[in-house]
Structure formats: C-alpha cells, structure tokens
2 protein chains.
Amino acid sequence: MEQKKAGGRTLAGDAYEAIRQAIRTGAVKPGDRLRFADLQALCGMSVTPVREALARLTAEGFTVLDDHRGYSVASLSLAELRDITATRQLCEGEALRLSVLRGDADWEGRVIAAHHLMARIPQAREDIPSAMREDWEARHSVFHAALISACGSPSLLEICGKLFSRADRYRRLSVSLVGATRDVTGEHRRLMELALARDAEGAAAALRDHYGRTAAALEGFFTT
Amino acid sequence: MEQKKAGGRTLAGDAYEAIRQAIRTGAVKPGDRLRFADLQALCGMSVTPVREALARLTAEGFTVLDDHRGYSVASLSLAELRDITATRQLCEGEALRLSVLRGDADWEGRVIAAHHLMARIPQAREDIPSAMREDWEARHSVFHAALISACGSPSLLEICGKLFSRADRYRRLSVSLVGATRDVTGEHRRLMELALARDAEGAAAALRDHYGRTAAALEGFFTT
DNA sequence: AAGTCAACGATTTTCGAAAATCCTCCAATT
DNA sequence: AATTGGAGGATTTTCGAAAATCGTTGACTT
C-alpha cells in the first residue's frame with residue numbers, strides 16, 4: 001500500500017492487484033481455498049510472484065495462511081464487523097480530530113475537491129442498482145483519506161488505511177440496502193462541513209456515528 | 001504473529017525469526033541493504049523462503065522494499081519514535097481501558113503471573129549492564145500483552161502487537177540510560193495495581209504516561 | 001569540459017521442476 | 001465395529017538456474 005504505485009513494475013504487484021480484486025468482487029468467496037495452480041492460471045505467471053502477493057494480502061487481512069495447508073480467503077463474520085467498526089471509530093476518529101486541528105488551507109482544498117468528485121456521481125450503478133459503482137467506491141475512499149490526511153501521524157494513517165480496506169469487504173455486502181432509511185450523502189456533507197468549520201470534536205463524533213450506522217445497516221446480513 | 005508458532009514448521013518461518021533477530025540485536029543496522037545472497041548464507045536456505053520472510057517483515061515495518069532495488073532495514077528516526085509513541089498511547093491506552101472493564105478473574109491471574117515473572121529477574125544483564133536481558137525483554141512483552149488481553153478486540157490487539165514490536169527497536173537503544181532518573185519497576189507495579197483495582201481510566205492514563213516517559217528517555221539519542 | 005548513451009556487472013525477480021508435507025482412502029488388525 | 005498403519009494423490013514449499021532490471025563505468029559526441 002505504500003511502496004508500489006501501479007501494476008506493471010513487478011509481476012508480484014500485478015498478482016496482488018488481481019487477487020485483491022477477485023476477493024473484493026466476490027469472484028472468490030470468504031473461506032475459499034486459494035490453490036496456487038488456480039491463481040497461476042488466473043494471473044498467468046509462475047508460483048513465486050503469486051506467493052509474494054499472498055504474503056502481502058495476508059498481512060492486510062484479506063487472506064489467511066495455514067502452514068502446509070496453503071492460503072484461503074479470510075472469512076467474514078458479524079463479530080469481526082463489530083470489532084473492526086469499533087477499532088475504526090477509535091483510530092479514524094482520533095485521526096480526524098487531529099487532522100481538523102492541524103489541517104491547513106491545502107488540506108481544506110483536498111477535502112473540498114475530494115467531496116466534490118464523490119458527490120458528482122451516483123453511488124449505485126444504473127444497470128444493477130444493487131451494485132456499487134466502482135468509481136464511486138474509489139472516490140469515497142479518497143474522500144475519507146483526505147479528511148484524515150492532515151493528522152500528521154504516518155502510523156495512524158497506515159492503520160486507518162488497512163482498516164478501511166478491511167471494512168470495504170463488508171461494505172460491498174450492503175449495497176442492496178442503500179436507499180432504505182439512510183442519507184449517506186448527507187452524512188458525508190455534514191462530515192465535511194464540520195471539518196471545515198474546525199469543529200474537531202464534532203467531526204470526530206460524526207465520523208464515529210457514520211461508521212456506526214454503516215455497521216448497523218450491515219448487521220442484517222449475518223442474522224438472516 | 002498469529003498463524004505460526006515456533007521455528008521448524010517451514011523454512012520461511014525460520015528465516016523470518018532469524019532475520020528479525022538480526023535486526024533486533026543490531027547485527028544489521030537501520031538503513032542497511034539486505035542482499036539475498038547474504039541472507040541465504042545467513043539462513044542456510046534458498047531464495048524463496050527468504051523472500052517470504054522479508055515480505056512478512058516488511059508488513060510489520062521492520063524492513064522496506066524498493067521495487068527492483070530490494071529490501072533494506074527500516075531506518076529509525078525521532079519523528080517515527082514520537083509518531084509510534086502517540087499511536088501506541090491511543091491504541092494501547094484504549095485496549096487497556098477496555099481490558100480493565102471486561103477482564104475476569106482469569107485475566108487477573110494472567111496479569112499477576114506475568115508481572116511476577118517479570119519482576120523476578122533484573123532488567124539489565126550482569127556482564128554488560130548497558131544491555132538488556134533477553135529473557136526480561138520477553139517477559140516484559142508478555143506482561144504488557146497480558147494487561148490488554150481481555151479487551152475483546154482482535155484487531156486492536158493485532159495493532160498493539162505490531163506497534164509493540166516496532167517500538168521494541170527503539171527501546172533497545174535506551175538500555176544505557178536505564179537506572180538514571182526512572183523507576184521502571186515501580187511504573188509497572190503501579191500499572192498492575194490500577195488494573196486490578198479496576199480503575200480503567202487511571203490505568204489507561206498510567207500506561208500513556210509510561211510510554212511517554214520511555215519515549216522521552218529515548219529522545220536524547222537522536223539529538224546528539 | 002560537459003553531456004549522452006551503450007555495454008557491463010551486480011542484484012533482484014521469475015521460472016519450472018524437485019522435494020516435502022498433508023489429506024484421503026482402504027486394507028489389516030484388535 | 002472401531003482403530004491403526006500406510007500407500008497414493010494432491011498441494012504446498014523449496015531449490016537452483018535463467019531472465020529481467022537497475023546503477024555504473026567509460027567511451028564517444030558536442
């Protein structure tokens with residue numbers, strides 16, 4: 001997440017992106033075993049770069065490794081959703097608080113720009129309303145990153161980034177619930193307004209609430 | 001840190017331990033390049049397991065990777081020490097608070113046992129007073145892990161564990177300062193007492209203070 | 001004298017196959 | 001009937017060498 005830019009520099013990087021995408025999109029499901037033979041066929045390369053890709057994915061919690069039994073897709077659970085949500089509220093809440101306190105004009109610009117880009121396109125796809133638009137997801141991620149980008153703590157940013165990726169898998173489950181009783185767009189705008197108004201505590205509280213609502217909307221998937 | 005137990009299951013695991021130890025003990029210094037040829041000689045194995053070990057170490061922040069330029073030992077800096085300290089105060093402080101609130105009798109037992117083991121042996125070596133005893137380091141780690149073990153959040157525990165390992169590299173720099181104006185033993189006992197007395201806020205505050213003092217004692221190394 | 005570029009050496013990265021390990025299944029024994 | 005033991009197959013893990021890449025050196029041009 002920090003040292004590589006795009007696909008093409010190394011095959012291991014390509015494999016990382018390919019497998020990550022397969023997990024994100026649900027092409028391989030939680031709990032599925034990831035056989036090297038299949039992955040080599042999917043990525044079109046030998047075992048070595050695939051192995052390195054899986055090592056990175058495991059570090060980020062997308063896959064798990066059992067010695068001599070190979071890798072498999074990390075499974076999802078209600079317990080983990082709640083756990084990750086709580087940790088995210090703690091870490092990203094504090095990161096936002098610091099960011100609001102320390103942010104300069106440049107940071108304000110990044111937040112406004114990111115929000116504008118995200119608000120300009122709809123969240124759901126037109127052809128399949130139950131699915132999220134890929135580009136909206138990307139801009140949504142950029143917006144949240146922009147909010148905390150001025151916190152001044154690389155380690156906190158790294159943690160938040162990993163937790164965001166991890167929560168992303170759960171978020172994709174909930175798209176069909178979108179439009180029910182929730183105003184996600186409004187929550188995002190309010191988040192931006194509080195940040196720009198330099199209300200550090202208020203913004204942090206709004207962010208925690210935002211994540212709490214997201215988690216609550218997702219809980220239904222595990223009770224059924 | 002979560003799926004492998006001891007050295008011997010896989011060569012990659014052995015390599016991970018060996019290289020990690022080389023970094024911890026200072027056999028290879030911050031900023032040093034880690035050539036595969038040297039590492040293969042050190043570990044007595046081929047390139048593949050070494051590569052996997054470096055991937056894991058990089059995920060934990062011990063090493064860094066430049067595409068096509070290979071791996072090198074992550075460098076230390078005052079800025080990172082301060083950053084990690086702050087993030088540790090946030091995450092481990094909250095973890096301890098939760099642990100004190102949720103901990104049961106079993107947790108109390110773990111804390112008392114871990115503290116007893118740590119307090120039973122001196123911190124510094126007898127032959128080289130400026131060096132830390134390897135076994136004390138291990139028990140110290142177990143004690144801190146025991147304190148937060150009842151927090152109920154796997155993700156938080158994972159974060160705390162990684163931050164602890166990362167801070168460990170800095171801690172080793174400060175051994176020669178031990179015994180100056182600090183009562184580390186007293187701080188640890190107080191920490192345990194507050195935890196067992198179920199003073200969640202007090203214990204969390206004491207832990208943050210504990211880490212703050214450790215960082216302060218280390219700052220001198222970077223100003224000289 | 002400064003700058004450009006190609007070839008070389010050092011090193012990483014990748015490959016394809018061999019070795020090691022685990023799981024399954026079936027027969028033999030208790 | 002249940003358990004042990006081990007052969008067979010599938011898969012991971014590791015190896016040693018080949019391919020790709022980067023940094024540098026040194027000749028050549030301007």
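Each chain gets a letter, A, B and so on, in the order the sequences are listed, and its residues count up from 1.
In this structure B:W107 satisfies the ring pair (Phe, Tyr, Trp, His ring centres under 6.0 Å) test with no other residue, sequence neighbours excluded. Every salt bridge (Lys or Arg N to Asp or Glu O under 4.0 Å) that A:E134 has, sequence neighbours left out, goes to A:R24, A:R172. Partners of B:L42 under the side chain to side chain contact (heavy atoms under 4.5 Å, CB included) rule, at least two apart in sequence or in another chain, do not exist in this structure. With sequence neighbours excluded, the residues satisfying side chain to side chain contact (heavy atoms under 4.5 Å, CB included) with A:A18 are A:C43. In this structure B:H115 satisfies the ring pair (Phe, Tyr, Trp, His ring centres under 6.0 Å) test together with B:F143, sequence neighbours excluded. Scanning for side chain to side chain contact (heavy atoms under 4.5 Å, CB included) contacts around B:R133 gives B:I121, B:P122, B:R125, B:D135, B:W136, with sequence neighbours left out.
One atom, CG of A:L39, and another, C1' of D:dT11, lie 13 Å apart when rounded to the nearest Å. Distance CG (B:D67) to P (C:dT13): 7 Å, rounded to an integer number of Å. In this entry the distance linking CZ of B:R51 with C1' of C:dT11 reads 11 Å, nearest Å. Regarding B:F36, its CZ atom lies at a distance of 14 Å from the P atom of D:dC15, rounded to whole Å. Atom-to-atom, OH of B:Y71 to P of C:dA10 comes out at 23 Å; the value is rounded to the nearest Å. When the C1' atom of C:dT14 is taken as reference, atom CD of A:Q40 falls 11 Å away, rounded to whole Å. In this structure, A:E52 atom CD and D:dT14 atom P are separated by 14 Å, rounded to whole Å.
Taking the six-membered ring where the residue is Trp, B:H144 and B:H188 present perpendicular rings, their angle passing 60° and hence far from 30°.
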Please tabulate the protein-to-nucleotide N/O contacts below 3.5 Å involving nucleotides 7-10 of chain D, giving atom names and distances.
none

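The list of side-chain hydrogen bond (donor to acceptor under 3.5 Å, both in side chains) pairs with a residue in residues 25-47 of chain B, not counting sequence neighbours, is empty.
Residue A:R69 places none of its side-chain N or O atoms closer than 4.0 Å to OP1 or OP2 of D:dT11.
Looking at the side chain of B:R33, the nearest of the listed nucleotides C:dT12, D:dT12, C:dT13 is C:dT12.
Within the nucleic acid shown, A:L34 comes within 4.0 Å of sugar-phosphate atoms alone, with no base atom in reach, counting heavy atoms only.
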Given protein heavy atoms under 4.0 Å, the one-letter contact record of nucleotides 16-21 of chain C, with B base, S sugar-phosphate only and - none, is simply B----S
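Between A:R56 and A:E60 there is no salt bridge, since no side-chain N of the basic residue sits under 4.0 Å from a carboxylate O of the acidic one.
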